[in-house]
Amino acid sequence: MSMFTKSLLAAAGIAMFASSAMAAEEKIVYVYNWSDYIDDEILTEFTNETGIKVVYDVFDSNDVLETKLLAGGSGYDVVVPSGTFLGRQIEAGVFQKLDRAKLSNWGNLWDTILDRVNVYDPGNKYAVNYMWGTTGIGYNVNMVSERMSDAPVNSWDMVLNPAIASKFADCGIYMLDAGDEMIPAALKYIGENPDSKDPAVIAKAEAVLMAVRPYVRKFHSSEYIDALANGDICVAVGWSGDVLQARDRAAEAENGVEINYVAPEEGALMWLDMMAIPADAPHPDNAHTFINYIMRAEVMAKASNYVYYANGNKASEKFLAEDVIGDPAIYPTPAALKTLYLTTPYDAESQRVLTRIWTRVKSGQ
Amino acid sequence: MMPEEINARTDTGRHNNGGISRMVRECRPYIWGAKLCRAYGLQGRSITVAIPYLWMLLLFMAPFLIVLKVSFSEIRIAIPPYAPLFQFIDNSYIQITLQLKNYAMLFKDALYVNSYLSSLKIASISTIITLAVGYPIAYAMARAPREWRLTLLMLVILPFWTSFLIRVYAWIAILKPEGFLNIVLIWAGIIDKPLIILHTDWAVYIGIVYSYLPFMILPLYANLEKMDFSLLEAASDLGCPPGKTFWKITFPLSMPGIIAGCFLVFIPAVGEFVIPDLLGGSSTLMIGKTLWTEFFNNRDWPLSSAVAVVLLLMLVVPIVWFQRFQARRGAVDVV
């Protein structure tokens, strides 16, 4: 279902439930999550079991979510920002603390992921991991090997080394339009600290990205899914689950396109999408019920089996499909997991430097 | 004045009397309202003047003052993400902090000035193209047989029945490399390789001209329709060739329509965000997009407010000039 149809449905949903919400305020929960990020059956089953209607709305960028949260009075009960954004939003006082007494499934959570989340949410007081993944490289196996039989497919060289990236310029390279992911990747590639907040260090990424800019066809954060699946492009920097979606779409279409995903061996960004409850949520009890429901092992596994992302729920592993838990592109090996890095929130000054560099990279000015 | 009196009076005019009596019937509540106001000492004129001023105050001045206030503030991590301007100290005095560095920033980095200039350029070129396309259409409509005009007018307005966003999305499908336009051109043998139009400035021009064309046609049509075409006959009788007649008579007489149309296109086009975002490429620089980046990516509400305030000031100059022009023309008309 397209995002547009979903938004329409969500709008219709709000209209339909508005009247019932007034009659019995408790029986509704407003959820704001990423687009294409849940199996709709989960929502239906939740409503059947608890009697709580779910009004489900979607966004496609952390920036849009954050602006709504910082303006206040968003009206949502559950939102799903990524870790770095969560960290800053906690500082801004956007969220309320979770009531662990209402989250009976807390024991299902995976300690490794809880540890990593500590960076953003010390003590895991405000948020529960929904899913996590990596930012890496998706490529068309045949198109790449035709142009370069010994292509370094496990390395950032594919897109950040001008000598190699230029070989794929004719068949098309896409990059995420996300400076806060591409600049850390470029820093990691040249051996700098990817999480550096020092403007002088961040500036070093500019030369790396500028050198490969001529070979990048487009900077976009979602079009690469279709472009990869249709065989329109051969390499894309993208999010793990999205690339795997492209892989499956191509396989279903039987169009001879074979897509593969790697989190480059130099180290890739690990991102975590976190469920949290805004401080001014109108239905905080329902929000807890919803989050606790998602934390059930079977439910979480169902969600992961549908969207092909790893989750932070250890107990869900035995319910995961073999092509999810057994795929190192989704669940990296423990050794690979160690190479994944996290980034922390940027302050206003370093954010400005980063955005400015990114604008220059994209526009050439 | 009693409604019957109005009715009787207009009847003497013999034109449209059914229409006017219906209008009077429908206006009866308003006439009662006017009576009520008069009873409380409010003059009809002051009310008519007050309504547009109230409108301006509520929908323009109030939001503008909020934006102006934010533009003098400082960014911080909180809800809302900027520092308050006024602070009460000891309950006895107010401390006002005006942060001017947001405005200084606009001139420190060439990005902002370049964005403004590029927006002005794109809006100017689009306005000229819109005028060139819209004028012949409006002229043809004004010269069309009277019974066709309403239908033609409907055809111009018809696109508004579809959401603006969907119409812009439709252009993506038309302009993309494997899109409708390229398929037709390749099929016709005019080109053999798809034209790359989408995500270039060309696509932005096409999008703006398409979207704003009705705003050019409508004021032009309103103006041209009222023109006295016997003047053209007179010119032709006196031996003036048609081309010269157009430039000597029609064009100068339609100047008010041209200016109104150009303003209606130019002003919104300068601040356009949706069209450059969807159709433009990553190198398309427009102030609407720069403002979006400041607001959403940098979360810098104060700086983005400063960008908006400067944009408004840039547009106020031509608007005031236009007002003056209108006022002068009004005076001439009365004379």
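So you know, we letter chains A, B, ... as the sequences are listed, proteins then strands, and number each from 1. For clarity, every value in this text was computed on a predicted model and none was experimentally measured.
Judged purely by distance below 3.5 Å, without hydrogens or angles, the side chains of A:Thr355 and B:Asn298 pair a donor atom with an acceptor atom.
Interface summary for chain B: among A:Arg88, A:Gln89, A:Glu66, the most heavy-atom pairs under 4.5 angstrom belong to A:Arg88. Between chain B and the options A:Ala279, A:Gly72, A:Ala71, the largest number of non-hydrogen pairs under 4.5 Å is found for A:Ala71.
Within 6.0 Å of atom CH2 in B:Trp292, more than 12 heavy atoms from other residues, nucleotides or ligands are found, so the atom counts as buried in its surroundings. Remark: B:Phe164 CZ is packed, more than 12 non-hydrogen atoms of other residues, nucleotides or ligands lying under 6.0 Å away. No more than 12 heavy-atom neighbours from other residues, nucleotides or ligands sit within 6.0 angstrom of CZ on B:Phe88. The local environment of OH in B:Tyr169 is sparse, with at most 12 non-hydrogen atoms from other residues, nucleotides or ligands closer than 6.0 Å.
The CD1 atom of B:Ile77 sits 7.5 Å away from the CG atom of A:Asp347 when rounded to the nearest 0.5 Å. Rounding to the nearest 0.5 angstrom, the gap separating the CG atom in B:Leu285 from the NZ atom in A:Lys362 is 11.0 Å. Here the straight-line distance linking atom CG of B:Asn297 with atom CH2 of A:Trp358 works out to 11.0 Å at 0.5 Å rounding.
Within the 4.5 angstrom heavy-atom criterion, only side-chain atoms of B:Asp300, from C-beta onward, approach chain A.
Among all heavy-atom pairs drawn from B:Phe295 and A:Thr67, the shortest one is CE2-CG2, 3.2 Å. The two residues A:Leu69 and B:Ile79 have their closest heavy-atom pair at O-CD1, 3.9 Å.
For A:Arg352 and B:Glu294, the salt-bridge test passes: some basic side-chain N is under 4.0 Å from an acidic carboxylate O.
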Practice task
Kindly determine whether A:Tyr346 and B:Arg299 satisfy side chain to side chain contact (heavy atoms under 4.5 Å, CB included), including the steps that lead there.
Solution key: CA-CA 11 Å; A:Tyr346 289 87; B:Arg299 288 169 292 278; 5.5 Å; no
